[in-house]
Amino acid sequence: MQEGYSPKSMEAKWQGIWEERKVFHCEVDPSRPKYYVLEMFPYPSGRIHIGHARVYSIGDVLARYKRMQGFNVLHPMGWDAFGMPAENAAIKHGVHPAGWTFENIDTMRAQLKRMGYSLDWRREVTTCVPEYYRWEQLFFLKFLEKGLAYRKQAPQNWCETCHTVLANEQVIDGQCWRCDSHVVQKDLTQWFLRITDYAQELLDDLDTLEQGWPERVVSMQRNWIGRSTGAYISFDLEHPAEDGTSAIRVFTTRPDTLFGATFMSVAAEHPLVEQLIKDSPRADEVRAFCTKVKNSDRLQRGAEDQEKEGIFTGAYCLNPLTGQRMPIWVANFVLMGYGTGAVMAVPAHDQRDFEFATKYGLPKQVVIQPAGEPLDPATMDAAYVDAGFLVNSSPFDGMPNEAAKTAIVQHLESQGRGEPAVTWRLRDWNISRQRYWGAPIPVLYCDDCGVVPEKEENLPVVLPLDVKTREDGRSPLPDYAPFVQAPCPSCGKPARRETDTMDTFVESSWYFIRYSAPWEHGRPFDPAALKYWLPVDQYIGGVEHAILHLLYSRFFVKALRDLGWLQFDEPFKALLAQGMVLKDGAKMSKSKGNVVSPDEMTDRYGADAVRCFLLFAAPPERDLDWSDTGIEGSFRFVQRVWRLVDELKDVLPACAAASSTAADVAEAGLPDAAELRHKEHVTIQKVAEDIGEKFQFNTAIAAIMELVNQLYQGKDALLATPAGARVLSSAVSTMLTVLAPVTPHLCEECWSRLGHTDLLAAATWPVLDPAALVKDAITVVVQVNGKLRARLDVAPDIAEDVIKAQALAEPNVQKHLEGKTVQKVVYVPGKLVSVVAK
RNA sequence: GCCCGGGUGGCGGAAUGGUAGACGCAAGGGACUUAAAAUCCCUGGGCCGCAAGGCUGUGCGGGUUCAAGUCCCGCCCCGGGUACCA
């Protein structure tokens, strides 16, 4: 009797059975190879969206496939549960951030379970519970002890809308990464983590990641870290400043052009500016200019069409090599935050200085000469920035400029006027947030003892839940006495707790380590579990985290390693950066009304069809355009498999995947049998390669579709004999087995309906018979002068001279050789014969 | 500007230097049906041809090769990242 495909009940049934039999639970087992596959954990924003469904489907196929390959697979899930949306929702709906968060988690957990992901739910981690964040409070104390965490006052990125500071990485085009509002600068005392201590290692270790990480992510990190080598050079002031300052120090990557430095540019914020103009009649004018520059916000200041502007301070410094007087200018393009905030200007060889000098009529001196036409400052229309030989730089004239870099720095060094130097674009990580819904920073302020770390035994410093969040979004913590008032851990007198919380990127910087043993209570990690499971073998997530999360996590692993907790250097051996899910070519958004809900799709088509479509429609790293007709297609495919098995379940002997033999084929005596068994084994190989090595799930599914098509083609003929039926049954079993990672419920149900009592979820990958990959007849094409003229069906081991003769004898080949002489015949075994004739 | 991707049928997308367009979607045709849906089968880059077959075709222009979507050189367009970083 026929039975319709009803995914809803069937999927729920198998999810229950997998859970009951603990198929996806994993334990440390050093006798087996492990595979740790992880997708970036979600922020519990309310509901799973289609983008989530895509990443987790990709990860799940990999997890299930690796399990079938015999790996002990760790595939966990958790919640990045601290963060501002919870506070915003709390304000909007009058609920508590905690309640909102936990409700969302419950909803989303149920949604993920409905998708049938093979997760070990015992390892679920939620970052907003004290049992989790207590450990990062401990890390913080250790960092503090080591000087890796420190407090400093500095201008910070401040978002007015979020009422909090932001790290450099979280400011995008002068705007807040979360709410897109303008970021302004505000002078504040904040907690920092010394990520710059690891700049060199973070850069160097990118080399070891090149194998498994997308090149673009590696290069984005390289650029972000931004290592520059060059030199610090001191320029004496013509007249020492009142406060005793006698020189300006600059950083340059081009010490070879020092002889061409004709003026000096300093940032508006440079402390020396005030000293230089103190008694100058120009003082007011200069101050006004500086104020103007400082007030222009970050966005304007960084705009590419920003006109270069400056003002002469009236003061001079001296070129250390030529002794020439160099006017000191304040320039709007010089940043206080990079290098020393002062730049030696070489207009002939730096485009910015060139434009600036042209505008203000400052001298240009050529000191690097390319081979060929000599440069003339009067006729140059742009700076010459490429390689060349030194001129006007006695005694370095004639030297290649690369060599001159070292030579000049050495010379300066011997005079105490310079030294080689390396600077970084990377800044220390500001982790203070003036928000409520985050992990408290475990320090106190005591009037007598100053800044005092909380005692380790007093951890966790629990974020109080019985507070009322404020309408305006500001943190309620500073006004909440039971939290703020606490005894000083050092002297016991009343002290004040720090009310800033940690950046939520701190939680996500180590959650993947905690998964190895989230049940540990006395310590953050279980060393045996760490040793076995870490690092992550395959990490999967959106490329939008290329810098933020991935850089912070890399830093955290290195810092925790140096504290003795970890024994590995990099968190993620391989990274798959998956593309976005679009609708009609555009990003899904509520305002556009083009949001596709995975729930709705799962209700209508079942989780398997949704998974299948998400994997089939595009390779993972590319953006995927959701298509309503496309999901219909996947739904049809799923049902096509269903019907095939439904039709065959009572007439086929249940047999293992890839169990038919060459003898069965011979006995069946049908071309269909040979072809089907060949296809069966080709598919095993192709799918393994596409899933396991190339991450091309779309072509893996295409290969299985081909097998399904061939099963439909051959089934009737094959059912005629017992041997044929064995060949058919083996191929059906193989098809279900290799498809199981993609549509696990469907395959499991079909498997059991075929009479199997074991679980496909716990099955092993079919064993390939290399002999079955060899076809007994192959098609070889014949080209004449590069154009296809004939096809030959021949035995694979046909001798070269035989096939060449056959090729030449083909009528259509003869026709195209008329009036020509054959000059050369190339044979590529198994592929083609190429005839060259004139 | 610089650094990454990418440009292939009506669409999503396949192709270790070796039959371009696998697989799917949409389309057309056929079978089944009273009919429709569903299903099953067939066709399908363009032009010419009843067909066999021919010409042409992977953003543009060159090149290497018996053979180029694929490799090299020079461009154009689209997407992303990034930038007065000295």
Side-chain angles (χ1 to χ4, degrees), chain A residues 4 172-173 214-220 222-224 226-228 230 250-254 257 261 265 267 301-308 331-335 337-346 350-353 355-356 423-426 543-544 546-547 577 579-580 585 612-613 616-619 621-634 636-637 639-640 643 686 696 698-709 712-713 779-791 811-812 815-816 823-837:
Chain A
I172 295 157
D173 291 333
E215 191 188 325
R216 62 183 162 140
V217 176
V218 172
S219 86
M220 279 164 79
R222 276 210 182 96
N223 290 336
W224 190 267
R227 184 183 201 267
S228 295
V250 303
F251 174 75
T252 179
T253 56
R254 295 295 306 270
T257 63
S265 308
R301 222 170 150 176
E304 70 185 271
D305 50 1
Q306 173 84 342
E307 175 78 17
K308 290 187 180 30
N332 66 344
F333 63 86
V334 180
L335 307 174
Y338 186 80
T340 64
V343 185
M344 69 178 209
V346 186
D350 179 281
Q351 187 56 29
R352 288 159 310 188
D353 298 340
E355 287 167 31
F356 196 83
T423 58
W424 305 87
R425 213 185 89 107
L426 184 69
V543 75
E544 65 271 17
I547 294 174
M580 286 186 300
C612 181
F613 175 72
F616 179 66
E621 65 285 356
R622 220 179 291 185
D623 286 347
L624 180 152
D625 208 347
W626 180 271
S627 150
D628 293 331
T629 53
I631 176 72
E632 295 273 356
S634 292
R636 266 203 295 273
F637 169 66
Q639 293 182 91
R640 199 167 144 77
R643 273 193 306 273
K686 168 91 175 144
Q696 292 206 359
N698 55 333
T699 51
I701 294 169
I704 299 168
M705 286 173 168
E706 286 185 55
L707 177 58
V708 170
N709 290 345
Y712 267 93
Q713 302 276 334
T779 303
V780 170
V781 297
V782 185
Q783 292 180 350
V784 178
N785 290 336
K787 290 194 174 161
L788 181 67
R789 298 302 179 192
R791 288 160 214 274
N812 199 40
K815 192 174 122 195
H816 287 276
Q823 302 198 311
K824 189 170 161 188
V825 182
V826 180
Y827 175 53
V828 181
K831 296 273 184 187
L832 57 68
V833 177
S834 182
V835 182
V836 188

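Convention: sequence-line order gives letters A, B, ...; per-chain numbering from 1.
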*Asks:* OP1 or OP2 of B:rA83 versus the side-chain N and O atoms of A:Q351: is any pair under 4.0 Å?
*Replies:*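 For B:rA83, OP1/OP2 do not have a side-chain N/O of A:Q351 under 4.0 Å.
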*Asks:* For A:Q823, which contact category applies under a 4.0 Å heavy-atom criterion: base, sugar-phosphate, or nothing?
*Replies:*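 Since no nucleic acid heavy atom lies under 4.0 Å of A:Q823, the category is nothing.
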*Asks:* Start at the 5' end of RNA chain B and walk down; is the nucleotide closest to A:Q713 or to A:I547 reached first?
*Replies:* A:Q713
*Asks:* Whole-Å distance between B:rG13 P and A:M705 CE?
*Replies:* 15 Å
*Asks:* Quick one: label A:S627 by what it contacts on the DNA or RNA (base, sugar-phosphate, nothing), any heavy atom closer than 4.0 Å.
*Replies:*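 Here A:S627 touches no strand at all.
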*Asks:* Is there a side-chain contact between A:V826 and A:Q783, using heavy atoms and a 4.5 Å cut-off?
*Replies:* no
*Asks:* State the syn/anti category of B:rG9 according to its glycosidic angle, syn meaning within 90° of 0.
*Replies:* syn
*Asks:* So, A:F333 versus A:F356, ring centres under 6.0 angstrom or not?
*Replies:* yes
*Asks:* Please figure out whether A:H816 or A:V835 has its closest RNA chain B nucleotide nearer the 5' end.
*Replies:*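 The residue closer to the strand's 5' end, by nearest nucleotide, is A:H816.
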*Asks:* Give a yes/no answer on whether the side chain of A:R643 brings an N or O atom under 4.0 Å of OP1 or OP2 in B:rA38.
*Replies:*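 For B:rA38, OP1/OP2 do not have a side-chain N/O of A:R643 under 4.0 Å.
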*Asks:* Looking across every strand, which nucleic acid part, if any, lies under 4.0 Å from A:N223 by heavy atom: base, sugar-phosphate, or nothing?
*Replies:* nothing
*Asks:* How close or far is atom P of B:rA86 from atom CG of A:D350, stated in whole angstroms?
*Replies:*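 After rounding, the reported distance stands at 9 Å.
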*Asks:* Provide, to the nearest angstrom, the distance between the CZ atom belonging to A:R640 and the P atom belonging to B:rA38.
*Replies:* 15 Å
*Asks:* To the side chain of A:F251, which of B:rA86, B:rC41, B:rA83 is closest?
*Replies:* B:rA86
*Asks:* Is a donor on one side and an acceptor on the other found under 3.5 Å between the side chain of A:D623 and the backbone of A:M580?
*Replies:*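 Pair found, side chain donor or acceptor close to backbone of A:M580.
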*Asks:* Please confirm whether the backbone N or O of A:A345 pairs with a side-chain atom of A:D350, one donor and one acceptor, at under 3.5 Å?
*Replies:* no
*Asks:* If we call it a pair only when both distances are under 3.5 Å in a Watson-Crick or G-U wobble match, what pairs with B:rU43?
*Replies:* B:rA27
*Asks:* Identify whether any heavy atom of A:N812 sits under 4.0 Å from a base atom; if not, whether one sits that close to sugar-phosphate; answer base, sugar-phosphate or nothing.
*Replies:* sugar-phosphate
*Asks:* Need one value for A:D623: base, sugar-phosphate or nothing, where a base atom within 4.0 Å counts as base even if backbone is also close, heavy atoms only.
*Replies:*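 Since only primed, P, OP1 and OP2 atoms lie under 4.0 Å of A:D623, the category is sugar-phosphate.
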*Asks:* Mind checking A:R791 for me? I need base, sugar-phosphate or nothing, with any heavy atom below 4.0 Å counting as a touch.
*Replies:* base
*Asks:* Heavy atoms under 4.0 Å, any strand shown: does A:P214 hit a base, just sugar-phosphate, or nothing?
*Replies:* nothing
*Asks:* Select base, sugar-phosphate, or nothing to describe what A:G226 touches, counting heavy atoms under 4.0 Å on all strands.
*Replies:*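 Nothing, no heavy atom under 4.0 Å.
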*Asks:* Between A:F616 (CZ) and B:rC25 (P), how many Å, whole number?
*Replies:* 8 Å
*Asks:* Would you say A:V828 and A:S834 make side-chain contact, with heavy atoms under 4.5 Å?
*Replies:* no
*Asks:* Assign A:N709 to base, sugar-phosphate, or nothing according to its heavy-atom contacts below 4.0 angstrom with the strands shown.
*Replies:*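 If one applies the 4.0 Å heavy-atom cut-off, A:N709 turns out to touch the sugar-phosphate alone, with no base involved.
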*Asks:* Would you mind pulling out the nucleotide paired to B:rG79, Watson-Crick or G-U wobble, both distances under 3.5 Å?
*Replies:*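 Base partner found: B:rC4.
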*Asks:* So what does A:R789 hit on the nucleic acid, given a heavy-atom distance under 4.0 Å: a base, only sugar-phosphate, or nothing?
*Replies:*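 Touches sugar-phosphate only.
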*Asks:* Would you indicate what A:V343 reaches in the nucleic acid, counting non-hydrogen atoms under 4.0 angstrom: base, sugar-phosphate, or nothing?
*Replies:* base
*Asks:* Please give the nucleotide sitting opposite B:rU19 as a Watson-Crick or G-U wobble pair, both distances under 3.5 Å, or none.
*Replies:*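 The answer is none; no pair meets the criterion.
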*Asks:* Counting only side-chain nitrogens and oxygens, does A:R636 get under 4.0 Å of the OP1 or OP2 atom of B:rC40?
*Replies:* no
*Asks:* For A:Q783, report the nucleic acid contact type (base, sugar-phosphate, nothing); a contact means any heavy atom under 4.0 Å.
*Replies:*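 Base contact - A:Q783 has a heavy atom under 4.0 Å of at least one base atom.
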*Asks:* Counting any heavy atom closer than 4.0 Å, what does A:K815 reach on the DNA or RNA strands: base, sugar-phosphate only, or nothing?
*Replies:* sugar-phosphate
*Asks:* Side chain of A:R425: nearest nucleotide among B:rU82, B:rA14, B:rU16?
*Replies:*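 The closest nucleotide is B:rU82.
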*Asks:* Between atom CG in A:L788 and atom P in B:rA68, what is the gap in whole Å?
*Replies:* 13 Å
*Asks:* Heavy-atom distance under 4.5 Å between the side chains of A:E621 and A:V543, does that happen here?
*Replies:*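 No. Closest side-chain heavy atoms not under 4.5 Å.
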*Asks:* Classify the side-chain pair A:N709/A:R640 by whether it contains a donor and acceptor separated by less than 3.5 Å.
*Replies:* yes
